[in-house]
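Here is the naming used below: chain letters follow the sequence lines, and residue numbers restart at 1 for every chain. Hydrogens, waters and symmetry mates are skipped; everything else that's a heavy atom, side chains included, is used.
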Number of protein chains: 2
Amino acid sequence: MPVTLRQVAALAGVSPVVVSRVLHNKALSIHVADQTAERVRQAAKELGYRRNVTAVNFRAKQTMAIGMLHGMGSAIVPLEGGTKYLASLMDGVIGGAFSNGYSVLLCPQLLGNTPVDAVSDGRCDGLILFNVELVQENMDMLSRCTLPIVLLHTPACAFGQSFPSVVCDNEQGIGLAMAHLLEMGHKRIAFIHDEPDDLRPTLNPPTPSELLEASPQRIRSRSYELSTRGSAFLENARHLHLGLDSSDVIHIRQIDRLFDSDYTAALCFHDGVAGLVYDHAAERNVRIPADLSVVGFDSTSFCDGLRPPLTSVFQPLKAMGEKAAEILVSIIREEPNELNEVVFPCGFHIRQSVARL
Amino acid sequence: MPVTLRQVAALAGVSPVVVSRVLHNKALSIHVADQTAERVRQAAKELGYRRNVTAVNFRAKQTMAIGMLHGMGSAIVPLEGGTKYLASLMDGVIGGAFSNGYSVLLCPQLLGNTPVDAVSDGRCDGLILFNVELVQENMDMLSRCTLPIVLLHTPACAFGQSFPSVVCDNEQGIGLAMAHLLEMGHKRIAFIHDEPDDLRPTLNPPTPSELLEASPQRIRSRSYELSTRGSAFLENARHLHLGLDSSDVIHIRQIDRLFDSDYTAALCFHDGVAGLVYDHAAERNVRIPADLSVVGFDSTSFCDGLRPPLTSVFQPLKAMGEKAAEILVSIIREEPNELNEVVFPCGFHIRQSVARL
DNA sequence: GTGAAAGCGCTAACAG
DNA sequence: CTGTTAGCGCTTTCAC
């Protein structure tokens, strides 16, 4: 049986309130006599008193935990995912939460049993959403959610500006990659992604087209296109979109199209896609970067493990996770906060997967 | 203001107790009239009642969360660590926890402010310990901890059998690797690790030697030695321990010793060490596996990213994490449980980093 | 079948 | 400066 305030109070010969004040009250407005305070502290120590956090939270109607919902899509996203993308974000989120006294609750799926409490069942004070599939069902649940929410890696417009969001500047990132490739003498550059080009057909309002435009893939793809159009270098260049399907057969066939073309560089939607290109390049004896230059997106430590190490657009994932946690905490604390969307600029990490032509 | 039981009761014209019974009481011993129950459910739905989890937990003196303490050592272990080792374990822990109704609280560091509540400040019902540095200070804190604890990736003897533990069978794993290397014709096999060969000097009782013997590195190293001795193939073979230091200079020098020797294979303490060997091999134009075969330990997806893909001893990390969570939950529930140490056998994943001689 | 009472541990608000 | 009162939302106990 844990020691309670009451017991400490009894031993110190004061009321529980005084003990609370001495031990927990940060507000210095109310003063306790030094002598009394000392007696209380002594008693607490003697009894090995430890504050009951659950009771405090119950009374304060809080949990001091933020939930990281990383799988409100078709599949649960494992932390051990291909390129450590989520793991990197998580490290940031943990940092941002802990430095504010909050802990992080992992939610690989929805909590609760009924649709009503699926999103928030009272286990946390706020949610960071990662990888929420943009289907009507999820949108509905979130619109009914009373908890503060921050989107991570999803633009605010995907949810009709209902929630603040933290994203990287995809357009600028793609711009960096294109600039580098151009400077290295490439003119025929393919953009490769691994997701179907449109979102789920179940999607209703908010307008599907708006959502479609909001997906990172679309943004990067569009930026790529704009780059090719805008650049004098590429005036007469063609460009190729290769969508990789989840089926391995199609995979290979489509990547083969790339290898059989005269493209000199592949700009990949993310590092994982680049990894696939590497795999098939090895099988086809296509040398990277001699035969084909490759650029990734995200630049997690995954890139260092590849041979040759993958040149990649860098997302400050840790900083983004941290920021998301901080924003969420500030909303929970009801601090004045006009933030809508925080956009982190990307960097560019040059490794060894791009050849100079 | 969230709706409470009281309000539902008022609307349904019953007492709060009845509402609680209808909505939450799984024990069917007490029956509520069907008609009343229906009225209650109706009222709850109408008001959008949602059970206050914090209140339930407060009353039940529980949190329904287990803490994953992954950094009670010298450094905080990032989820985005080199070989996704922790991330894989985490995925297992999350699975084991959620399937039992528990959520997972990430603790990259000690909770609480004072040494007394450093380990457990009431935020969770039990702890899974990963990577606890075996120094006296930590041992003391844990011995004072009143929370159920399960060790993950640390043998029980490291804490004097005080806590149940989940580990892999390091000896058997090394045996698999050695058997494979021997079968592939290798006779001069080096064992490479990246940690200092002894534990912190601050270590007091339990006996340092016992602890030393308990470290995974020492176990694997010893297994390696036994393999070399026991095998007829290796009768006249030498073997080489290379300790890689954290300093990059020494690093390179020591790996150079390997490259300059006549060893044909390197058995690495873990995949990350193998990654370092790969790096320096590239610099020195040592071809893997033509000039040097390499075997790793853990076989996370990190191995697939290397070129050539790294043959590695497989640890069932996800299963181990899951088991740790399950054991912890069963202890929390005070179920009869005589488990002391659960040892998972290793597998062996043959990829492309070992040549036949 | 149903309800009244009591209390989990803590702290805000007020009274002395 | 200190203490009394009251209540957070829920559920167990026991009486009706």
Side-chain angles (χ1 to χ4, degrees), chain A residues 1-41 43-44 47-64 101 112 117 120-123 125 146, chain B residues 1-41 43-44 47-64 112 117 120-125 146:
Chain A
M1 261 310 99
V3 182
T4 70
L5 267 191
R6 251 183 190 63
Q7 300 174 41
V8 177
L11 181 61
V14 295
S15 82
V17 187
V18 175
V19 179
S20 175
R21 282 206 269 262
V22 173
L23 264 32
H24 311 312
N25 206 12
K26 45 257 135 214
L28 299 173
S29 55
I30 301 180
H31 264 243
V32 176
D34 287 357
Q35 207 183 346
T36 319
E38 194 43 48
R39 237 182 18 218
V40 168
R41 267 187 281 270
L47 262 41
Y49 169 76
R50 311 209 16 222
R51 181 192 215 173
N52 182 327
V53 177
T54 312
V56 174
N57 287 340
F58 164 57
R59 190 170 197 290
K61 297 177 195 302
Q62 63 180 8
T63 65
M64 293 306 283
D117 62 12
S120 59
D121 77 339
R123 267 187 247 250
D125 298 335
T146 54
Chain B
M1 260 310 102
V3 181
T4 69
L5 267 192
R6 251 183 191 62
Q7 300 174 41
V8 177
L11 181 59
V14 294
S15 82
V17 189
V18 175
V19 179
S20 174
R21 283 206 269 262
V22 173
L23 263 33
H24 311 312
N25 207 13
K26 45 257 133 208
L28 298 174
S29 55
I30 301 178
H31 263 243
V32 176
D34 288 357
Q35 208 183 346
T36 319
E38 194 42 49
R39 230 177 30 214
V40 168
R41 268 186 281 269
L47 263 43
Y49 169 76
R50 312 211 14 223
R51 181 192 216 172
N52 182 327
V53 177
T54 312
V56 173
N57 287 340
F58 164 57
R59 192 171 196 287
K61 298 177 194 301
Q62 64 180 8
T63 65
M64 293 306 284
D117 63 10
S120 59
D121 77 339
R123 266 187 249 247
C124 48
D125 298 333
T146 54

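- Separating the CD atom of A:Q35 from the P atom of D:dT2 is a distance of 9 Å, rounded to the nearest angstrom.
- Put simply, CZ on A:R6 is 12 Å from P on D:dT5, counting in whole angstrom units.
- Under a 3.5 Å cut-off, the side chain of B:T54 and the backbone N or O of A:F58 do not form any donor-acceptor pair.
- In this entry the distance linking NZ of B:K61 with C1' of C:dC8 reads 5 Å, nearest Å.
- Distance from the side chain of B:R51 is smallest to D:dC10 among D:dC10, C:dG9, D:dT2.
- If you measure from atom CG of A:N52 to atom P of D:dC8, you get 18 Å, rounded to the nearest angstrom.
- A straight line from CD of A:E38 to P of D:dT2 spans 13 Å, rounded to a whole angstrom.
- For the pair A:N57 CG and C:dC8 P, the interatomic distance rounds to 19 Å; values are reported in whole Å.
- Note: CZ (B:R39) to P (C:dG1) measures 14 Å, nearest angstrom.
- In terms of phosphate contacts, B:T4 brings no side-chain nitrogen or oxygen within less than 4.0 Å of OP1 or OP2 of D:dG9.
- A 4.5 Å side-chain heavy-atom check between B:R51 and B:L23 finds every atom pair outside the cut-off.
- Taking each heavy atom of B:V32 and B:A37 in turn, the nearest pair found is CG1-N, 4.0 Å.
- Among the heavy atoms of the strands lying under 4.0 Å from B:V17 is at least one base atom, whether or not backbone atoms are also near.
- Between A:T36 and D:dT2 there is a side-chain polar atom (N or O) within less than 4.0 angstrom of OP1 or OP2.
- A close approach under 4.0 Å does not occur between any side-chain nitrogen or oxygen of B:S15 and OP1 or OP2 of C:dA4.
- Rounded to a whole Å, the CD atom of B:Q62 is 16 Å from the C1' atom of C:dG9.
- Atom CZ of B:R123 is separated from atom CG of A:N57 by 8.0 Å, given to the nearest 0.5 angstrom.
- None of A:V22, A:T36, A:V19 except one satisfies the side chain to side chain contact (heavy atoms under 4.5 Å, CB included) rule with A:R41; the exception is A:V22.
- The residue among B:P16 and B:R59 whose nearest nucleotide of DNA chain C is located toward the 5' end is B:P16.
- DNA chain C is contacted by both B:V18 and B:F58; B:V18 maps to the nucleotide lying nearer its 5′ end (nearest heavy atom per residue).
- Using a 4.0 Å cut-off, no side-chain N or O of B:R21 falls inside it from OP1 or OP2 of C:dG1.
- In the set C:dG9, C:dT11, D:dT11, the nucleotide with an atom closest to the side chain of B:V56 is D:dT11.
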